[in-house]
2 protein chains.
Amino acid sequence: MSRPCNDCKVRDQSLCSSLSDEELSSLNSIGHNRKLERGQTLLWAGDEAALCANLLEGVLKLSATLPDGREQIVGLLYPADFVGRPFSEQAEHTVTALTDAELCVFPRKPFEEALEEHSRMERLLLRRTLAALDEARNRMLMLGRKTAEEKVASFLLDMALHLGKPESRPGTPVTFDLPLTRAQMADVLGLTIETVSRQMTRLKRAGLIDLPSGRLVTILDRDALEERAEAA
Amino acid sequence: MSRPCNDCKVRDQSLCSSLSDEELSSLNSIGHNRKLERGQTLLWAGDEAALCANLLEGVLKLSATLPDGREQIVGLLYPADFVGRPFSEQAEHTVTALTDAELCVFPRKPFEEALEEHSRMERLLLRRTLAALDEARNRMLMLGRKTAEEKVASFLLDMALHLGKPESRPGTPVTFDLPLTRAQMADVLGLTIETVSRQMTRLKRAGLIDLPSGRLVTILDRDALEERAEAA
DNA sequence: CGTCCGTTTGAAGGCTCTCAAAATATGTGG
DNA sequence: CCACATATTTTGAGAGCCTTCAAACGGACG
């Protein structure tokens with residue numbers, strides 16, 4: 001058995017938060033720790049969906065592709081998020097690490113049994129799946145109806161929520177390190193690299209954000225950014 | 001109590017298919033039949049999510065809007081589909097009838113209790129929600145990365161699947177009556193009315209489809225349409 | 001210090017949108 | 001059942017946003 005769950009970084013945020021310590025140790029016996037390097041793929045769309053997991057650390061992307069190679073990132077996963085597709089023989093989307101990452105991995109079949117055995121966990125997964133569905137649908141609005149500037153602004157605000165320091169005072173600048181390249185941002189937003197880059201410099205020149213170096217982003221004027229995110 | 005479930009059009013396709021006859025009658029006691037006219041809205045985004053339902057007949061749209069009125073249809077619901085958002089105080093998306101429709105409606109709170117009581121139904125809802133999530137994400141690929149022609153071709157194939165006669169011989173033309181206006185198609189595909197219309201006539205002139213009258217569509221060459229749906 | 005990868009910037013083109021009007025379908029009242 | 005009014009769809013012309021193609025710039029790493 002791998003490392004005891006007491007040390008787990010996401011013990012009380014992941015699906016496992018629904019389990020008692022005893023239940024947890026039985027689940028733990030079928031799971032094991034796994035690390036991914038940036039760029040490494042955990043599951044390929046079309047392949048057997050062999051496993052499920054809790055993400056402990058890092059950021060993953062979920063992506064879909066067309067036969068000619070065009071790619072769309074259809075979801076981003078953060079620590080404590082659930083990974084995988086129970087009850088499906090085949091993975092529908094590809095799961096790849098955007099940063100070095102760490103997971104608690106379960107073979108799918110035994111995990112499905114654990115779900116049926118631990119109804120509180122099943123219930124929590126249902127709630128999370130419903131929330132993920134709402135989120136995916138909201139992202140459809142962004143993809144179908146927002147302009148390039150609105151898309152980039154929305155994306156930056158979303159990243160700030162996930163990566164920014166917890167609750168700095170409103171009005172205070174927030175800084176974070178983007179885990180995505182421009183190409184990956186483009187694949188999230190349904191744009192091209194060049195368009196993303198141009199919109200970033202536009203926002204910078206407008207004084208709404210700063211790009212100090214590398215992939216660092218500082219949000220200087222959150223309110224103005226929010227306005228541009230949905231053309232009030 | 002409303003009409004007995006034995007007459008139900010979707011008794012063994014809806015969520016209820018997971019219930020025994022006795023279980024069903026207890027659920028039935030909290031549900032009632034409701035009809036919607038074309039254009040009528042069942043739930044408004046932002047309002048209290050007061051109810052859940054099984055769709056018995058007709059087609060519904062799920063939509064999201066931006067403050068300035070731009071709209072995106074984020075999902076279509078067909079008979080036997082589940083409607084609503086359990087465990088959420090607020091509806092995230094607006095639900096509106098595209099055709100006259102009939103539902104079996106449950107107040108949300110009692111329905112949530114029924115879910116917890118009938119674990120097979122809860123499990124089935126989980127599976128359906130996971131499938132809906134996969135579908136929503138695939139639609140993100142369409143919105144973000146497909147051209148107008150590919151979007152329209154994909155849409156027509158999708159409609160044929162849902163509305164076409166069950167399993168006509170491959171190669172045989174399929175005809176169906178679109179439940180959506182051009183404007184609604186545009187809102188599904190993230191395009192404008194005019195672009196949708198132009199792509200439809202292009203496909204017609206190319207001999208892949210026919211538009212006999214009104215909203216009737218005939219798919220003449222399914223294979224060719226599939227090729228244009230994802231630019232092989 | 002040179003190479004490689006990612007980012008930025010520029011110029012031109014094309015796909016889709018916008019604006020506009022004609023054509024067709026739908027619906028209503030007489 | 002027809003005539004009119006309304007809504008929807010089609011078609012056209014032009015503009016604009018984003019893409020494509022290309023090159024310069026910058027940072028990381030050997």
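Chain identifiers are assigned alphabetically (A, B, ...) following the order of the sequence lines, protein sequences preceding nucleic acid strands; residue numbering begins at 1 within each chain. Small disclaimer: the values here were computed from a predicted structure and weren't measured.
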### Message
Does A:Thr181 reach a base, just sugar-phosphate, or nothing at all? Heavy atoms under 4.0 Å.
### Response
sugar-phosphate
Could you go over nucleotides 16-18 of chain D and give all protein N or O partners under 3.5 Å, atom names and distances?
from: D:dC18; atom 1: OP1; to: A:Ala148; atom 2: N; distance (Å): 2.7

### Query
Taking atom P of C:dA22 as reference, at what distance in whole Å does atom CD1 of B:Ile193 sit?
18 Å
### Task
Let me know the distance between NZ of A:Lys151 and C1' of D:dT19, rounded to the nearest Å.
12 Å
### Task
Could you check how far CG of B:Asp187 sits from P of D:dT9, rounded to whole Å?
12 Å
### Summary
Sorted by chain and number, sequence neighbours left out, side chain to side chain contact (heavy atoms under 4.5 Å, CB included) with A:Glu71 holds for A:Lys61, A:Ser63, A:Thr65, A:Ile73, A:Asp187
### Message
Tell me the interatomic distance from B:Gln184, atom CD, to D:dA7, atom P, rounded to whole angstroms.
### Response
15 Å
### Task
Would you mind reading off the distance between B:Leu216 atom CG and D:dT8 atom P, rounded to a whole angstrom?
18 Å
### Task
Could you pull out all residues at least two apart from B:Phe111 that satisfy ring-ring contact (aromatic ring centres under 6.0 Å, His included)?
B:Phe82, B:Phe106
### Query
Rounded to the nearest Å, what distance is computed from the CZ atom of residue B:Arg38 to the C1' atom of nucleotide D:dA7?
11 Å
### Which residues share a side-chain hydrogen bond (donor to acceptor under 3.5 Å, both in side chains) with B:Thr201, sequence neighbours left out
none
Contact list (N/O, under 3.5 angstrom) for nucleotides 21-23 of chain D vs protein:
from: D:dC21; atom 1: N4; to: A:Glu194; atom 2: OE2; distance (Å): 2.9

## Note on the structure
For B:Ala224, the side chain to side chain contact (heavy atoms under 4.5 Å, CB included) test, sequence neighbours excluded, returns B:Leu208, B:Asp221
### Task
Could you tell me, to 10°, how much the axis swings from one end of the helix from C:dC1-D:dG30 to C:dG30-D:dC1 to the other, five pairs per end?
40°
### Task
Tell me, please, which residues at least two apart from B:Arg38 pass side chain to side chain contact (heavy atoms under 4.5 Å, CB included).
B:Asp100
### Query
Does the A:Thr94 side chain pair with the main chain of A:Ala45, one donor and one acceptor, at a distance under 3.5 Å?
yes
### Query
A:Arg145 or A:Val196: which one's nearest nucleotide on DNA chain C is closer to the 5' end?
A:Val196
### Counterpart residues, salt bridge (charged side-chain N to carboxylate O under 4.0 Å, His left out), relative to A:Glu227 (two or more places apart)
none
### Message
Side-chain N or O of B:Thr201 versus OP1/OP2 of D:dT11: is the shortest distance under 4.0 Å?
### Response
yes
## Note on the structure
Minimal heavy-atom distance between A:Glu150 and A:Thr147, with the atoms involved, is OE1-N, 2.8 Å
### Query
When the distance from CG of A:Asp68 to P of D:dT19 is rounded to whole Å, what number comes out?
15 Å
### Query
Which residues satisfy the side chain to side chain contact (heavy atoms under 4.5 Å, CB included) test with A:Arg202, sequence neighbours excluded?
A:Glu149, A:Gln199, A:Arg228
#### Entry: Interface with DNA chain D, restricted to residues 203-212 of chain B and to heavy atoms under 4.0 Å
none
### Message
Salt bridge check, A:Glu135 against A:Arg128: does any charged N sit closer than 4.0 Å to a carboxylate O?
### Response
no
### Query
Would you find a donor on one side and an acceptor on the other, under 3.5 Å apart, between the side chain of B:Lys146 and the backbone of B:Lys151?
no
### N or O in side chain of A:Arg215 less than 4.0 angstrom from C:dT7 OP1/OP2
yes
### Task
With rounding to the nearest 0.5 Å, note down the distance linking CZ in A:Arg139 to CZ in A:Phe155.
8.5 Å
### Non-neighbouring partners of B:Asp68 that pass salt bridge (charged side-chain N to carboxylate O under 4.0 Å, His left out), sequence neighbours left out
B:Arg70
### Query
Do any N or O atoms from the side chain of B:Arg215 and from the backbone of B:Pro179 form a donor-acceptor pair under 3.5 angstrom?
no
#### Entry: Spacing between B:Arg202 atom CZ and D:dG12 atom P, to the nearest angstrom
14 Å
